[in-house]
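Right, one structure below, let's go through it.
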Amino acid sequence: MELPPDLPASPGGDDSWDGEERAEARKETLHLEIDGWEGPLDLLLDLARRQKVDLRRISILELVDAYLTYVEEAEALRLELAADYLVMAAWLAYLKSALLLPKEEQPDPSPEELAMRLQLRLQRLGAMREAAARLMARDRLGRDVFLRGAPEGLRVERKARWQCSWYDLVRSYGDVKVRSQPVVHMVRERMVMTLDSAIARVSSMLGITLEWMELRDFLPPAHDAWTNEQLRRSALASSFVAALELARTGKVELVQEYTFGPLRLKALRS
Amino acid sequence: MSTDIKPAIDDLVRAVEATLFAAEQPLTAEQISTHLGKADVRAALEELQGHYEGRGVRLVERGKRWHFETAPDLAHLLRREKEEARRLSRAATEVLAIVAYHEPVSRAEIEAIRGVQTAKGTLDVLMEAGWVRVVGRREVPGRPVIYATTSEFLAHFGLSSLKELPGVDELRAAGLLDPVDDEMIGEALRPQPVETSDEPPDTEYDE
Amino acid sequence: MSTDIKPAIDDLVRAVEATLFAAEQPLTAEQISTHLGKADVRAALEELQGHYEGRGVRLVERGKRWHFETAPDLAHLLRREKEEARRLSRAATEVLAIVAYHEPVSRAEIEAIRGVQTAKGTLDVLMEAGWVRVVGRREVPGRPVIYATTSEFLAHFGLSSLKELPGVDELRAAGLLDPVDDEMIGEALRPQPVETSDEPPDTEYDE
């Protein structure tokens with residue numbers, strides 16, 4: 001049978017800034033107030049201290065008996081014990097019976113070792129509890145010793161060391177001069193085919209044929225002024241808008257077989 | 001007004017004295033040095049410390065930071081009642097001691113030593129007081145956060161370093177500060193049996 | 001730590017020293033006395049004042065109230081300046097250039113040349129840098145302040161006089177006055193304008 005020194009943590013064993021008086025009250029009502037303990041290890045430590053010997057020399061058997069008695073008393077008084085106290089009681093009962101067995105019949109791990117580990121845990125907790133008390137009793141800042149009440153304070157003021165290069169300076173002046181020069185906007189005249197003339201041209205050409213015609217066929221033949229590339233682009237754009245406009249008003253049918261494919265039109269006869 | 005003969009005090013010593021007097025926080029030797037244009041202030045600090053020995057105010061080093069404070073034997077004259085009001089609970093003082101003597105420690109390790117779960121607020125109270133802080137994570141499965149004390153902790157309790165913790169050498173020699181082993185943590189964190197008292201009281205009942 | 005022989009300091013002096021050190025406000029002799037159980041603190045205050053004479057900290061009485069303060073000759077330690085290199089903003093550089101090329105100039109003139117309003121802080125920055133200063137007032141209505149550059153300005157830019165600044169012709173030759181190519185921007189950013197598109201398309205027409 002394996003039952004390790006199971007010390008499940010008990011919840012809510014803590015509180016923050018008050019506990020002193022409670023510890024006092026607990027000592028007086030030891031046999032009644034089981035809730036006051038911070039878990040079974042805390043109770044065990046207190047019981048161990050009652051043996052009034054060094055924690056290294058406590059009698060584990062005596063300690064186990066004290067704990068079991070305590071738990072029994074609590075049960076007799078119908079106090080509700082947290083489960084971890086009962087788990088600890090069960091384990092201690094097991095430890096006691098194992099310790100009482102003849103050496104050769106003792107289980108593994110040996111009860112002596114389990115007892116030693118329990119003792120070490122009590123010592124560790126006891127040591128920390130004493131250390132805490134000694135720490136709290138030291139001369140504490142703000143209670144026993146004090147810092148200067150009204151320090152002037154140290155301040156570091158950051159001061160800029162400004163940087164600017166000769167080039168930045170001269171370049172900036174150039175920028176200012178450029179910006180302040182009077183600005184004259186010239187709008188260059190461009191040769192374009194207006195939308196009106198494109199509509200007139202497309203509708204008149206559609207009147208001649210009943211066949212499908214590609215949009216590009218409506219452009220004026222490339223000679224004289226019409227060789228100008230910009231003018232040709234303008235004419236194409238205007239003819240396209242003209243074609244859309246004529247389609248919208250139901251005068252032509254417009255077909256494009258695929259994206260970016262040739263755009264073809266045909267007059268609609270009503 | 002003074003008529004006694006005093007040795008002229010070194011300018012650097014005066015500067016260090018004035019700087020520490022004026023400072024709102026304890027300062028490291030490096031901070032003082034930076035403030036005073038990179039001067040080497042070690043010797044000046046020692047001279048000052050010597051000068052203030054036995055006076056009503058003394059110069060102390062706490063966790064590498066220096067500050068002036070009133071002499072502890074004058075506590076009875078200076079003690080302020082209102083400061084006493086805020087006392088740490090037993091749980092909080094215990095957790096604080098465990099962190100200081102074992103740092104860095106994880107919460108599971110603290111709980112293993114105490115044998116109880118530590119309420120969430122307990123570590124918060126210590127961190128809020130500025131005495132404990134998170135210093136990283138332990139590189140074990142679960143990567144638990146680990147805690148350690150701060151220089152404010154040392155200053156508050158008048159310790160130059162953790163080596164001055166009361167009884168620390170004896171406790172270490174007795175093996176009571178050995179690292180908490182996994183087995184111990186395992187014991188403390190074993191899942192709890194379900195407690196019926198945790199269930200909300202039954203408020204619905206028939207006549 | 002100190003090994004020198006010092007006269008044992010009077011307990012009352014120590015108590016007064018600690019009390020004044022920890023006090024949050026200057027205290028009258030009566031307040032100190034009350035705090036220390038009605039002791040007569042006059043002599044202690046004088047002894048303390050003598051002790052601190054010449055140190056980095058001194059004990060002073062102002063309007064019957066006593067307090068410690070940093071020695072006045074060390075006041076500069078409390079407010080230390082730290083220099084940081086900072087690049088002049090574009091606006092400040094322009095204003096500086098205008099002052100250099102046109103000095104002395106008023107703020108209104110600077111704004112007229114820049115074609116933009118100049119923030120108050122811009123001239124302040126230049127004066128803080130030590131490059132620009134007020135040299136008088138222009139004798140026109142409103143008597144505006146006029147600015148000019150300083151010898152630090154010349155030193156910073158490695159000029160022996162303002163005549164060494166490149167003239168407008170030289171700037172042009174260096175390409176610093178070339179107007180930004182309008183046409184290039186037009187080509188890059190603007191859609192080809194279609195003049196007729198400004199007119200609403202005529203949708204009604206007859207064959």
Side-chain angles (χ1 to χ4, degrees), chain A residues 142 145-181 183-190 192-200 203-204 207 230 233-234 237-238 241-242 245-246 248-249 251, chain C residues 18 20-26 67-70 77-88 90 92-94 96-98 100-101 113-116 125-126 128-131 156-159 165-166 168 171 174 176-180 182 192-197 199 201-203 205 207:
Chain A
V145 297
F146 298 88
L147 294 175
R148 184 147 177 234
E152 288 94 340
L154 299 173
R155 254 164 283 283
V156 176
E157 281 172 8
R158 294 180 196 285
K159 193 178 175 226
R161 191 175 63 247
W162 293 101
Q163 301 277 298
C164 182
S165 71
W166 179 90
Y167 176 78
D168 287 339
L169 184 75
V170 170
R171 164 91 249 182
S172 289
Y173 191 66
D175 290 347
V176 170
K177 285 309 249 188
V178 167
R179 214 168 53 219
S180 56
Q181 271 169 3
V183 182
V184 179
H185 288 288
M186 305 281 285
V187 179
R188 234 178 324 140
E189 224 173 289
R190 267 181 230 274
V192 293
M193 176 187 262
T194 66
L195 183 58
D196 285 343
S197 65
I199 288 174
S203 11
S204 69
Q230 280 201 12
R233 287 168 68 96
S234 160
S238 300
V241 176
E245 183 58 33
L246 291 171
R248 191 180 70 83
T249 50
K251 296 203 169 61
Chain C
L20 277 169
F21 173 85
E24 280 160 12
Q25 273 137 30
H67 71 269
F68 280 112
E69 66 175 33
T70 307
L77 293 178
L78 306 186
R79 233 163 289 288
R80 205 172 47 89
E81 284 188 347
K82 190 178 172 191
E83 275 203 336
E84 276 175 352
R86 280 185 68 186
R87 207 181 150 81
L88 214 54
R90 192 187 148 91
T93 309
E94 281 185 16
L96 181 62
I98 292 167
Y101 275 90
I113 296 167
R114 279 190 79 210
V116 226
V125 162
L126 295 174
E128 186 201 313
W131 293 337
H156 182 89
F157 291 94
L159 303 166
L165 285 172
V168 172
L171 291 177
L176 293 176
L177 288 187
D178 289 345
V180 185
D182 245 8
Q192 295 287 349
V194 179
E195 274 79 353
T196 48
S197 67
E199 287 161 25
D202 190 8
T203 50
Y205 55 92
E207 283 93 340

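The chains referred to below are lettered A, B, ... by the order of the sequence lines, with proteins before strands, and numbering in each begins at 1. Computed over heavy atoms, backbone and side chain alike; hydrogens, waters and symmetry mates excluded.
- Side-chain contact between C:Leu88 and C:Trp131: present, with at least one pair of heavy atoms (C-beta onward) separated by less than 4.5 Å.
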Side chain to side chain contact (heavy atoms under 4.5 Å, CB included) assessment of A:Arg171 paired with A:Asp168: CA-CA 5 Å; A:Arg171 164 91 249 182; A:Asp168 287 339; 5.5 Å; no
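- For chain A, the nearby part of C:Leu165 is the side chain; its heavy atoms alone come within less than 4.5 Å.
- Side chain of A:Arg148 to main chain of C:Phe68: a donor-acceptor pair is present (N/O by atom type, distance under 3.5 Å, no hydrogens or angles).
- In this structure a side-chain-to-backbone donor-acceptor pair under 3.5 Å is missing from A:Ser197 to A:Met193.
- No other option in A:Val145, A:Val170, A:Val241 has as many heavy-atom pairs under 4.5 Å with chain C as A:Val170.
- Of the listed residues (A:Cys164, A:Gly174, A:Ser204), the greatest number of heavy-atom pairs within a distance under 4.5 Å of chain C belongs to A:Cys164.
- Interface residue C:His156: only side-chain heavy atoms are found under 4.5 Å from chain A.
- Note on C:Thr70, C:Leu77, C:Leu126: by heavy-atom pairs under 4.5 Å with chain A, the leading option is C:Thr70.
- Once rounded to the nearest 0.5 Å, the distance linking CG of A:Leu169 with CZ of C:Phe157 reads 5.0 Å.
- For C:Val116, the part lying near chain A is the side chain, with the backbone staying farther off; criterion is any non-hydrogen pair under 4.5 Å.
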